[in-house]
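Written out below as structure tokens is the structure these notes cover.
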Amino acid sequence: MSKRLSREETAELIKGMKGRIAVTTHKNPDGDAVGSSLGWFNFLKKLGKEVKVVYKDPIPYFFDFLPGVEKVEVVGEPEVKEEFDWLIITDVSDPKRTGFESINAKKSLVIDHHITAEPFTDYAIVEPEISSTCELSYHIMKLIEPEAIDYSVALPIYTGIVTDTGSFGYSNTSPETHFVAAELMRKGVDPYFVIKNLFERNRINRFKLLELVLKTLSFALNNRVAHITLYQKFLKETGAYPEEAEGFISYPRSIAGVEVAVFFKEIEEGSWKVSLRSKGKVDVAQVAKKFGGGGHKMAAGYEVKGELKEIQEALFKELALSFEEAEFKELSS
Ligand code: 5GP
Ligand code: MN
């Protein structure tokens, strides 16, 4: 187990970091993962530290506007050969979710906001209530050196907050989140520049993929669960990239009466990624945890091997129990 740190203790620890620092995040990086790791990379450079950012997986093209993105080393293999003095892991606590089997570093720190986090590093700061790793990172950076938060830091940090809060729409958005966003705007961030780059550069392939995926829309548990499926063959057929399915889960979730949306993505034959979204009744982090995954109350996921039918049945069984539990709680309150 890691030594848990406060924001102040984390700031002191980072201030004192000497030698070579590696920053990494989770595989299939999303906006918060890319934003937080690039934010820290640019910030630590500004402080004069020797820092590298390494990812297992390539960065989706819609993050290509972020400063420092061209400096990311995409390793591709499960092992990083170089040796580091410090390793900073953002937006994830589970070692296998970085995609790496090992990164050689003398000391390590996790900066994360997942409720299911069980960090393994020497040190960790985990705040499950905060919107994003980016918002948490901003607070720590401010304690270290507010002047070093320039545009190259503010832009990725703002971007991660936008993606993890559903553009300031999800329940993880707090007054503090808006306050941080305001401060980042004062550093020069233009909200529409971010939105335009993230969401208004779709390739037509994405819509072809959406068409196929929406055809799989099905319901379970008296229409309280809506689910969609992406088969590998859909990607081949449309020429879409896997990351272009980002956001598709908001369609099943948007249906009236649906409480939980599920997206089954075939990674390869017999291997699936399951994404879960809740409207609040069911805690999907706890459901995902039962299958070895994790996340947040309203957004979670896991990876699983097996036949789709069996994976679905096992999940719906767990979800049925969660619905029962939620209804029991409602009745007894
Ligand atoms: P998404 O469905 O967008 O991939 O992920 C939603 C949330 O669930 C994110 O906070 C993400 O970190 C978490 N999550 C998704 N897949 C996994 C997984 O395989 N393991 C864990 N621990 N968390 C996951
Ligand atoms: Mn996050």
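Atoms within a ligand are numbered from 1 in the order they appear, just like the ligands themselves. Index from 1, following the sequence.
Exactly one residue among T177, I161, T163 makes a side-chain contact (heavy atoms from CB on, under 4.5 Å) with S132. That residue is I161. In summary, of the residues considered (D32, D91, T98), a side-chain hydrogen bond (donor to acceptor under 3.5 Å, both in side chains) with H26 occurs for D91 alone. For the side-chain contact (heavy atoms from CB on, under 4.5 Å) with T121, the qualifying choice from I89, L109, D112 is I89, the only one to do so. Residue E303 is tested with K265, K273, K27, K96 for a salt bridge (charged side-chain N to carboxylate O under 4.0 Å, His left out); the sole match is K27.
Inspection of the D94 and H114 side chains reveals no N or O donor paired with an N or O acceptor under 3.5 Å.
Angle NE2 (H113) to the Mn ion (ligand 2) to OD1 (D91): 90°, rounded to 10°.
Using a 30° and 60° split on the angle between ring planes, H227 and F316 fall in the tilted class, from 30° to 60°.
The distance from the Mn ion (ligand 2) to the nearest N/O/S atom of D164 is under 2.8 Å.
Atoms CG and OH, on L184 and Y158 in that order, are 8.0 Å from each other to the nearest 0.5 Å.
The N, O or S atom of D32 with the smallest distance to the Mn ion (ligand 2) is OD2.
Taking a heavy-atom cut-off of under 4.0 Å, ligand 1 is surrounded by R97, H114, K273, S275, R277, G293, G294, G295, H296, A299, A300, G301, Y302, E303.
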